[in-house]
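Comments concern the structure below.
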Amino acid sequence: VGIQSFEKIRKDGYVYVDKTALIYKMITEGCPYFLSRPRRFGKSLLVDTLELVFQGRRELFEEITLKNGTVQPRLFIADTDWEWEHYPVLRFDFSKSNLSTIEKLDEFIADTLKGYELQYGLQESKASYSLRMKKIIHAAERQTGHKVVVLVDEYDNMMLHNLGDAAMQKAIRERFQDLFMPLKGEDAHLQFIFITGISKFSQMGIFSRINQLNNISMLASYDTLCGISEEELTTTLRPDIELLAEQYGTDYDAMLSELK
């Protein structure tokens with residue numbers, strides 16, 4: 001519980017319920033996506049997994065035998081035609097920072113952009129967020145030869161913590177509208193866009209600035225993209241339920257019924 005690093009899950013011997021079939025579907029269809037799910041539902045882990053897929057880290061998705069003998073199974077995407085190229089990834093994680101004031105939000109955005117400016121050979125700039133973002137996208141594509149991937153985790157975190165404060169909401173919207181404005185105009189230079197949040201604020205302004213944002217939150221085909229279904233619980237996690245049953249002196253069916 002609480003591990004948001006796909007690499008840590010795989011290398012430290014934790015169980016990963018394979019979501020890469022749906023990830024493969026998303027990345028090959030290539031639309032800009034939005035997904036809302038409640039807190040603690042695995043959105044950040046999903047974003048982290050997407051980043052590693054686009055960074056070409058195929059070794060993490062193949063069968064891995066750990067030093068203690070634990071075997072991590074080969075995942076669905078490892079057997080697809082995905083070419084495992086290394087795409088430049090711009091990741092904005094609004095779930096991890098203490099964004100209690102507009103000043104802290106500005107500092108977080110500026111620091112994140114500065115990191116990407118340095119990474120892709122640009123001078124740190126004091127220009128608008130949209131201009132900096134546009135230059136980073138072009139520099140990243142020029143340096144790597146690949147279109148850019150943009151991942152945004154819990155974009156609405158600060159909005160939800162300031163419900164009822166009209167002035168703060170307005171200031172937050174202005175920052176986000178500025179930052180993400182290039183996602184529409186620079187479509188030809190973008191490989192993939194994925195945005196997560198707990199809810200979709202229609203007035204936020206991000207969504208009107210991205211062409212054909214595909215909201216998959218309520219699509220049946222993406223029901224199990226986050227979280228664990230009953231089928232996944234009784235297949236991937238069956239050995240663990242059997243161990244639990246043994247500890248409680250009962251059998252698998254009785255333990256499953258107790259859990260339900």
Side-chain angles (χ1 to χ4, degrees), residues 1-6 19 22-23 25-27 29-51 53-54 89-102 104-109 111-113 129-130 133 148-184 187 190-228:
V1 175
I3 300 174
Q4 298 172 358
S5 165
F6 176 81
K19 305 291 185 178
L22 288 175
I23 287 174
K25 172 180 167 62
M26 289 170 59
I27 62 180
E29 290 178 354
C31 301
Y33 291 98
F34 172 77
L35 175 75
S36 67
R37 286 291 185 273
R39 286 191 175 92
R40 316 306 309 159
F41 238 74
K43 298 187 299 297
S44 294
L45 174 60
L46 175 62
V47 170
D48 191 71
T49 309
L50 281 165
E51 181 173 19
V53 168
F54 279 109
V89 178
L90 307 182
R91 181 172 174 178
F92 296 85
D93 188 350
F94 295 98
S95 68
K96 292 182 178 179
S97 298
N98 178 24
L99 304 177
S100 55
T101 66
I102 284 297
K104 288 185 177 180
L105 176 61
D106 282 329
E107 182 181 354
F108 173 76
I109 294 173
D111 283 350
T112 303
L113 292 174
Y129 295 151
S130 58
M133 186 75 159
V148 175
V149 173
V150 178
L151 306 175
V152 183
D153 195 5
E154 291 205 18
Y155 83 97
D156 57 348
N157 187 32
M158 195 171 178
M159 295 283 285
L160 291 168
H161 281 93
N162 290 278
L163 292 174
D165 188 335
M168 178 71 86
Q169 296 273 326
K170 181 176 183 293
I172 296 168
R173 284 199 303 272
E174 288 172 351
R175 268 65 174 183
F176 276 74
Q177 287 169 4
D178 186 17
L179 177 62
F180 295 116
M181 186 183 297
L183 298 188
K184 184 172 184 178
D187 183 63
L190 296 170
Q191 177 70 24
F192 184 82
I193 299 170
F194 184 71
I195 300 173
T196 77
I198 293 170
S199 56
K200 184 178 179 183
F201 286 91
S202 57
Q203 78 277 21
M204 190 70 172
I206 298 180
F207 305 102
S208 63
R209 283 170 162 75
I210 303 175
N211 282 328
Q212 299 176 327
L213 187 67
N214 186 13
N215 185 354
I216 59 174
S217 305
M218 301 297 286
L219 295 183
S221 55
Y222 285 102
D223 272 354
T224 61
L225 184 58
C226 288
I228 300 173

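Start at 1 with the first residue, then count along the sequence.
- A donor-acceptor pair under 3.5 Å is formed between the side chain of Arg37 and the backbone N or O of Ser217.
- Listed for the Asp178 side chain is a donor-acceptor partner under 3.5 Å among the backbone atoms of Tyr129.
- Put simply, the side chain of Asp48 never gets that close to the backbone of Ser44: no donor and acceptor are under 3.5 Å apart.
- No side-chain heavy atom of Leu151 sits less than 4.5 Å from a side-chain heavy atom of Leu90.
- The minimum heavy-atom distance linking Leu35 with Cys226 is given by the pair CD2-SG, 3.9 Å.
- Using cut-offs of 30° and 60° for the angle between ring planes, the Phe54 and Phe192 rings count as tilted.
- Counting only heavy atoms from C-beta outward, the side chains of Ser130 and Pro182 approach each other to under 4.5 Å.
- Inspection of the Asp93 and Tyr155 side chains reveals no N or O donor paired with an N or O acceptor under 3.5 Å.
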Exercise. Could you go step by step and tell me if Glu51 and Phe6 meet the side chain to side chain contact (heavy atoms under 4.5 Å, CB included) rule?
Worked result: CA-CA 10 Å; Glu51 181 173 19; Phe6 176 81; over 6 Å; no
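- The shortest side-chain heavy-atom distance between Leu113 and Phe92 falls under the 4.5 Å cut-off.
- Applying the side-chain hydrogen bond (donor to acceptor under 3.5 Å, both in side chains) test to Thr196 and every residue at least two apart in sequence or in another chain returns Asp153.
- The backbone N or O of Gln169 lies less than 3.5 Å from no partner atom in the side chain of Asn162, so there is not a single donor-acceptor pair.
- Rounding to the nearest 0.5 angstrom, the gap separating the CD atom in Gln4 from the OG1 atom in Thr49 is 11.0 Å.
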For this session: Start with the C-alpha distance between Arg175 and Ile109, add both sets of side-chain angles, then the distance that settles side chain to side chain contact (heavy atoms under 4.5 Å, CB included), and finish with yes or no.
Result: CA-CA 9 Å; Arg175 268 65 174 183; Ile109 294 173; 4.3 Å; yes
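- Note: Leu105 CG to Glu174 CD = 11.5 Å, rounded to the nearest 0.5 Å.
- In this structure, CG on Leu45 lies 10.0 Å from NZ on Lys19, to the nearest 0.5 angstrom.
- Asn214 contributes no side-chain N or O that, together with a main-chain N or O of Tyr33, makes up a donor-acceptor pair within less than 3.5 Å.
- Contact check for Ile198 versus Arg39: side-chain heavy atoms found under the 4.5 Å cut-off.
- Taking both residues in full, the closest heavy atoms of Asp156 and Ser199 are given as OD2-N, 2.8 Å, listed atom of the first, atom of the second, then distance.
- Panel note: side chain Lys43, backbone Ile195; no donor-acceptor pair is recorded below 3.5 Å.
- Side-chain contact between Val149 and Arg91: absent, with no pair of heavy atoms (C-beta onward) separated by less than 4.5 Å.
- Of all heavy-atom pairs spanning Leu160 and Leu163, the tightest one is O-CG, 3.6 Å.
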Problem set entry | Derivation and outcome, side chain to side chain contact (heavy atoms under 4.5 Å, CB included), residues Arg173 and Met159 | CA-CA 9 Å; Arg173 284 199 303 272; Met159 295 283 285; 4.3 Å; yes
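- The shortest distance between side-chain heavy atoms of Met168 and Met158 falls below 4.5 Å.
- Atom OH of Tyr222 sits about 6.0 Å away from atom CE of Met26, to the nearest 0.5 Å.
- Aromatic ring pairs are classed by plane angle as parallel below 30°, tilted from 30° to 60° and perpendicular above 60°; the pair Phe94 and Phe176 is tilted.
- Taking CD of Glu107 as the start and OG1 of Thr112 as the end, the distance is 10.0 Å to the nearest 0.5 Å.
- Leu183 is not listed as a side-chain neighbour of Pro32, based on a closest heavy-atom distance of 4.5 Å or more.
- Inter-residue side-chain proximity for Gln191 and Val148 is flagged as unmet; no heavy-atom pair is nearer than 4.5 Å.
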